[in-house]
Amino acid sequence: MLDKKYNFAEKEKKWQDYWFENDVYKFDENSNAPKFAIDTPPPTVNGHIHMGHLSSYTHIETIARHHRMKGENVYFPFGFDDNGLPTERYVEKKIKKHASELERQKFIEICLDETRKLEDEFFDLYKSTGFSCNLKEHYSSISLNTQKISQKSFLDLYKKGYIYQDKAPSLWCTECQTACAQSELEDMDVESTFNYLKFFIKGKNEYVTVATTRPEMLCGVVCVFINPEDKKNAHLLKEKLIVPHFGFEVPVLADELVSMEKGSGVVMCCTFGDNVDKEWQRKHNLEIKECFTSNGRMTALAKEFEGLPILACRKAVIEKLKEEDLLIKQENITHTVSTHDRCGTPVEIEVKKQWFIDVLSHKQELYDAGLKLNWHPQNMRARYLNWVENLSWNWCISRQRYYGVPFPVWYCKKCGKPIFADEKDLPVDPLKDKPHKKCECGCGEFEPETDVMDTWATSSLTPQISSDMVTHKGLDDSFVPFNLRPNAHDNIRVWDFYTIVKSLYHFGKLPWTDLMISGYVTSSDGSKLSKSKSNGSGSPQEIVKNNSADVTRYWANNMALGKDTAFSLFEFDNGKKFVNKLWNASKFVLSFLEDYTPKEVKLETMDAWLLEKYKNLYKSFIKHLDTYEISLALSEVERFFWDFCDNYVELVKRRLYNPNIFGARECESAKYTCYHVLLGMLKMFSPFVPHITEEIYQSYYAKIENKISIHVSGYLDLGDKVDKSVLDKGEEVLDIVSAVRQFKSENKLSLKTEVEDITITSQNCDFIKKAEADLKGVAGARKINYKDGDFKVEIGKVILEQN
RNA sequence: GGGAGAUUAGCUCAGUUGGUAGAGUACCUGCCUUACAAGCAGAGGGUCAUAGGUUCGAGCCCUAUAUCUCCCACCA
């Protein structure tokens, strides 16, 4: 017997411990069942988790449970992305110090320590939400084993010619003082001024107007461009121009990228103010002039402005130009600048020696990969393709930082050639370890590579890192392709893209077959939730604790796939009601099944109808979950469930209570139906609300089915041939019930009020007659008359209660 | 500038092969019905953004338009 009230706090904890202790969700390496491998997103350990993460993980969770219920051998690993800049930034903020202020080793130790604390918090939340990933073992992107895999990947791609080192322009963050990748850029609107400056023509008292938003870069101007079609300014090509204030001269060149309409139609070029400068530098082989130091100060080029931060210098230069009457006018504008997603600082372009993975020469291959993968929802494919089409930088994987996977590389002190570590020695830390061989030039002394790898250079290997926990094969493709890569849409251009790159380059294979892309949870005002801003409505820990894991999961599972949803606790009410109803309905139904053993019986009409309806539901339920339509699957089974409660149970409860009146076989038929349909529903609900379904299952069905848990008990498939005519005719019986209820409601009568008779006009009287006993009961009718014709229900005389 | 999505009841949103507009919630009217008042029954409430088109038939397909959100590009 189930308790009168369901105590979620007690039960949820109980089952979480039970699942954990009994390894209910363990992946079976020796199983012959079809494998379903999930490339679980390792959360970035850089702050506290929010409802967005929780909802996205719930979706993954539900899919994992679904496949387990289908009898598949589900590989659902668990890990943390705890290396790299995100973590460093988190730690820097926390200790209020820049990494460069500490000794390298000390800083790394603090990072390790802080991530461990956060990881404990993540772990507790995963467990208390009932996640069925393997909680007993997890990978970490900073562990030595991961470093080994990551370094091996580096060596392999270098050997295959995908990785190169070059002194080339790369994106630079002056705040984090490191190179970054195109995928780490974020747009930001900034108030700025468009400054129209006088560039005098050498030897003449004439000037050309040049407009710029970056006057502080005047010291780095290398030339001025006009459009080759620009007849008005064509004469300038023969002239030299004098850079305002700084006074040096630069040539005028022509390039079709210059827009004649923008600004004054004449543009100054520095190396490097933006992307176009980068292209011009290459195309016209321009001199490289560095205006900024790596921490965002002006270099000696800026003369008296040397040492000033970029923005301060801009102000100072503008003042100077005003004084010298070189500034014609200023326009206030709002323009978009690219900023670093980790700190919000506008990025600059710097020329430094960096390691790159070539993606630009494989665009087509990468594009085609996007076409071959199954995206759910489908429109997310466009985002990937759009990203690949617009790639303009190779993937810079070196970071001038500290807490990350080191490059397995040294440089010869004499000739400067890189020396690579031997695979068998991995992982290596070039700062501590030394190469075992001499350089080709005969020199035996080396400088270590001090850069570390971009965190994505490692997390793009999650299929290998996670499967290594089972295969112990390291960088290996025996688990590839995984069945599913799930993540939110912000990661398409980052994690998804990079994982595809690595898998194609290493193995020539796609890393997975399917992607499931979740939307964002936004705060109630529509803004994005973030780990640093606290604009959510409480921490996930509190929400789960106050509302139960099942209700929280129910909420998350109702989000349409790929769509952003505003968070609102109000939406939790549905889940609370649902859980309560499921408990009460199960309690009621099971109270009739205490000594029941299921056996075949000739079914009553409405019982047969419900079973047909179940079969119909089952088919579409499986279809929805197989295609990751979680919310549709849930809403369908839920609709069936409420219908079961309000209509079917009402129809048969008298039969269940009174076998002596309705007949033993008739009662048995209802029991048979209740037994199977409730079991089937619990199993279907189990991926969504795992705790309450387990509690109900364990209190009754587990013994009969002899299963350790509902979650590995398999769905209840009653066959897929559905008799559509039975479905329709059964609905007509419900229409009769509905008509009687309406009559009573309109006449303000209690539903149990009895009536003398009802007269049913229908073309299905033969069918309805077979359900007469149930119908009489629920309608409170003493007699039923039948007529052939178009559907109509007439209610006879009301029998008033006799006291 | 390129792309994706949204626009359906007062509110939040479903609606996946084109076939009489749905749910929850709110409001209203009833009902203590041998599970559930965190419940049950019933009622009202919609030119499915706008304008055209295809079709016997369009919320759904096509073409424009409007408003909003997001991604990308531009960012002299």
Side-chain angles (χ1 to χ4, degrees), chain A residues 2 4-5 182 185 187-190 192 194-195 197 210-214 217 224-225 257-259 262-270 273-277 280 333-338 346 377-392 489-490 492-493 519-520 522 526 528 558-560 562-566 568 570-571 573-574 576-592 620 623-624 627 629 631-632 635-636 638-639 642 645-646 649-650 653-654 656-658 737-738 740-753 778 780:
Chain A
L2 301 181
K4 184 146 173 45
K5 289 265 175 193
Q182 190 182 351
L185 300 184
D187 284 352
M188 195 164 70
D189 285 330
V190 211
S192 182
F194 212 11
N195 307 284
L197 309 180
V210 175
T212 180
T213 53
R214 305 207 60 180
M217 292 193 82
V224 168
F225 278 107
L257 280 180
V258 178
S259 147
K262 228 177 206 174
S264 58
V266 183
V267 50
M268 68 184 216
C269 170
C270 332
D274 63 28
N275 255 343
V276 184
D277 290 341
W280 281 335
I333 54 159
T334 307
H335 71 159
T336 330
V337 294
S338 289
Q378 232 188 359
N379 62 294
M380 291 297 173
R381 171 182 283 129
R383 291 208 188 196
Y384 173 86
L385 299 180
N386 192 218
W387 172 252
V388 175
E389 275 176 338
N390 286 307
L391 278 173
S392 55
H489 52 56
D490 57 338
I492 292 174
R493 65 175 179 157
Y520 270 142
T522 59
K528 189 174 152 185
N558 265 303
M559 287 171 65
K563 269 191 195 163
D564 293 352
T565 304
S568 153
F570 175 70
E571 306 285 328
D573 288 352
N574 281 345
K576 287 181 191 166
K577 285 186 186 175
F578 164 68
V579 165
N580 185 49
K581 188 79 174 177
L582 183 59
W583 183 256
N584 283 313
S586 303
K587 185 174 68 184
F588 181 63
V589 167
L590 293 180
S591 71
F592 294 105
S620 100
K623 190 192 92 194
H624 284 318
T627 53
E629 288 291 355
S631 59
L632 291 185
S635 67
E636 276 200 20
E638 208 193 338
R639 177 191 294 267
W642 286 95
C645 295
D646 298 341
V649 170
E650 288 302 321
K653 69 194 215 184
R654 281 157 204 84
L656 283 164
Y657 272 120
N658 308 299
V737 175
S738 187
V740 175
R741 283 170 174 169
Q742 183 177 352
F743 171 84
K744 291 182 181 173
S745 188
E746 278 169 0
N747 292 285
K748 308 197 172 179
L749 296 166
S750 160
L751 287 179
K752 67 175 180 185
T753 310
V778 73

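Below, chain A is the first sequence line, B the second, and so on; all start at residue 1.
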Requested in this report: In whole angstrom, give the distance that lies between atom CH2 of W387(A) and atom P of C70(B).
Outcome: 18 Å

Query raised in the report: Ring of F588(A) versus six-membered ring of C36(B): centres under 5.5 Å and planes under 30°?
Result: no

Requested in this report: Would you mind reporting whether R741(A) and E650(A) have side-chain heavy atoms less than 4.5 Å apart?
Outcome: yes

Query - Atom C1', compared across C48(B) and G22(B): separation rounded to whole Å - result: 12 Å

Query raised in the report: Counting any heavy atom closer than 4.0 Å, what does V276(A) reach on the DNA or RNA strands: base, sugar-phosphate only, or nothing?
Result: sugar-phosphate

Report task. Between G19(B) and U65(B), how far apart are the P atoms? Round to whole Å, please. Result -> 28 Å

Report task. With heavy atoms under 4.0 Å as the rule, sort S259(A) into base, sugar-phosphate or nothing. Result -> base

Query raised in the report: Reckon N658(A) touches a base, only the sugar-phosphate, or nothing at all at heavy-atom distances under 4.0 Å?
Result: base

Query raised in the report: How far does the P atom of G39(B) sit from the matching atom of U25(B), given to the nearest Å?
Result: 7 Å

Query raised in the report: When all nucleic acid strands are considered with a 4.0 Å heavy-atom cut-off, which category describes S631(A): base, sugar-phosphate, or nothing?
Result: nothing

Give every pair of a protein N or O atom and an N or O atom of nucleotides 2-6 of chain B that lie under 3.5 Å apart, one pair per line with the distance.
from, atom 1, to, atom 2, distance (Å)
G2(B), N2, N386(A), OD1, 2.9
A4(B), O2', N379(A), ND2, 2.8

Report summary line: N584(A) atom CG is separated from U34(B) atom P, nearest whole Å, by 15 Å

Requested in this report: For C27(B) versus U12(B), give the span between their C1' atoms, rounded off to a whole number of Å.
Outcome: 16 Å

Query raised in the report: Out of curiosity, K744(A) NZ to E746(A) CD, how far, rounded to the nearest 0.5 Å?
Result: 13.5 Å

Query raised in the report: Is W280(A) touching bases, backbone alone, or none of the nucleic acid, heavy atoms closer than 4.0 Å?
Result: nothing

**Report entry** Value rounded to 0.5 Å, distance of CG in N195(A) from CZ in R214(A)
**Finding:** 12.0 Å

Requested in this report: Could you tell me whether the side chain of H335(A) reaches within less than 4.5 Å of the side chain of V337(A), counting heavy atoms only?
Outcome: yes

Requested in this report: For the side chain of K262(A), starting at C-beta, report the closest nucleotide among A41(B), U33(B), A76(B).
Outcome: A76(B)

Query raised in the report: Heavy atoms, side chains only, cut-off 4.5 Å: are V224(A) and V266(A) in contact?
Result: yes

Requested in this report: Please check the phosphate of C72(B) (OP1 and OP2 only) for any side-chain N or O of Q182(A) closer than 4.0 Å.
Outcome: no

**Report entry** Distance, rounded to the nearest Å, where D564(A) contributes CG and U7(B) contributes C1'
**Finding:** 16 Å

Report task. Both distances under 3.5 Å, Watson-Crick or G-U wobble: on that basis, could you give the dot-bracket string for RNA chain B, with [ ] for crossing pairs and | for other-strand partners? Result -> (((((((..((((.....[..))))..((((.......))))......(((((..]....))))))))))))....

Query raised in the report: Reckon F225(A) touches a base, only the sugar-phosphate, or nothing at all at heavy-atom distances under 4.0 Å?
Result: nothing

Query raised in the report: K581(A) side chain N/O closer than 4.0 Å to the phosphate oxygens (OP1, OP2) of A38(B)?
Result: no

Query raised in the report: Which nucleotides of nucleotides 22-31 of chain B have their base under 4.0 Å from a protein heavy atom (B), which only their sugar-phosphate (S), and which neither (-), written as one string 5' to 3'?
Result: S-SS---SSS

Query raised in the report: Quantified in whole Å, what is the C1' atom distance between nucleotide G15(B) and nucleotide U33(B)?
Result: 33 Å

Report task. Output the distance between atom CD1 (I333(A)) and atom OG (S192(A)), rounded to the nearest 0.5 Å. Result -> 5.0 Å

Requested in this report: Select from K4(A) and V737(A) the residue whose nearest nucleotide in RNA chain B is closer to the 5' end of that strand.
Outcome: K4(A)

Query - G42(B) to G59(B) separation - C1' atoms, rounded to the nearest Å - result: 28 Å

**Report entry** Spacing of N574(A) atom CG and N558(A) atom CG [to the nearest 0.5 Å]
**Finding:** 7.5 Å

Report task. Identify whether any heavy atom of T212(A) sits under 4.0 Å from a base atom; if not, whether one sits that close to sugar-phosphate; answer base, sugar-phosphate or nothing. Result -> sugar-phosphate

Requested in this report: Using atom CD1 of I492(A) as one end and atom P of C71(B) as the other, report the distance to the nearest whole Å.
Outcome: 11 Å

Query raised in the report: Nearest to the side chain of E650(A) - A76(B), A35(B), C74(B)?
Result: A35(B)

Query raised in the report: Hey, does C269(A) reach any base, or is it just sugar-phosphate, or nothing, if we go heavy atoms under 4.0 Å?
Result: nothing

Query raised in the report: With side chains defined as the heavy atoms from C-beta onward, is the minimum distance between I492(A) and W387(A) less than 4.5 Å?
Result: no

Query - Spacing of T627(A) atom OG1 and H624(A) atom NE2 [to the nearest 0.5 Å] - result: 7.0 Å

Query raised in the report: With rounding to whole Å, what would you report as the distance between G46(B) and A4(B) at their C1' atoms?
Result: 28 Å

Query raised in the report: Rounded to the nearest 0.5 Å, how far apart are CG of L257(A) and SG of C269(A)?
Result: 11.0 Å

Requested in this report: With heavy atoms under 4.0 Å as the rule, sort E571(A) into base, sugar-phosphate or nothing.
Outcome: sugar-phosphate

Requested in this report: For A76(B) and C68(B), measure between their P atoms and round to the nearest Å.
Outcome: 26 Å

Report task. Could you check whether the rings of W280(A) and F225(A) sit parallel, tilted or perpendicular, using 30° and 60° as the cut-offs? Result -> tilted

Report task. Would you mind telling me which residue lines up with the more 5' stretch of RNA chain B, L257(A) or D646(A), judged by nearest nucleotide? Result -> D646(A)

**Report entry** Under-4.0 Å side-chain N/O to phosphate OP1/OP2 contact, S591(A) with A35(B)
**Finding:** no

Query raised in the report: So do the side chains of K576(A) and D573(A) get within less than 4.5 Å of each other, counting heavy atoms only?
Result: yes

Query raised in the report: Side-chain contact, heavy-atom cut-off 4.5 Å: N275(A) with S392(A)?
Result: yes

Report summary line: L185(A) CG to A73(B) C1', in whole Å, measures 12 Å

**Report entry** Phosphate contact (C71(B) OP1 or OP2) by R493(A) side-chain N/O below 4.0 Å
**Finding:** no

Report summary line: Taken to the nearest whole Å, CG/D490(A) to C1'/C70(B) is 12 Å

Query raised in the report: Heavy-atom distance under 4.5 Å between the side chains of K581(A) and W642(A), does that happen here?
Result: yes

Query raised in the report: Side-chain contact, heavy-atom cut-off 4.5 Å: Q182(A) with L391(A)?
Result: yes

Query raised in the report: Once you round it to whole Å, what is the distance between C1' of A35(B) and NZ of K5(A)?
Result: 11 Å

Query raised in the report: Which whole-number value in Å describes the distance from E389(A) CD to C71(B) P?
Result: 18 Å

Query raised in the report: For Q742(A) and A43(B), is the shortest distance between a side-chain N/O and OP1 or OP2 below 4.0 Å?
Result: yes

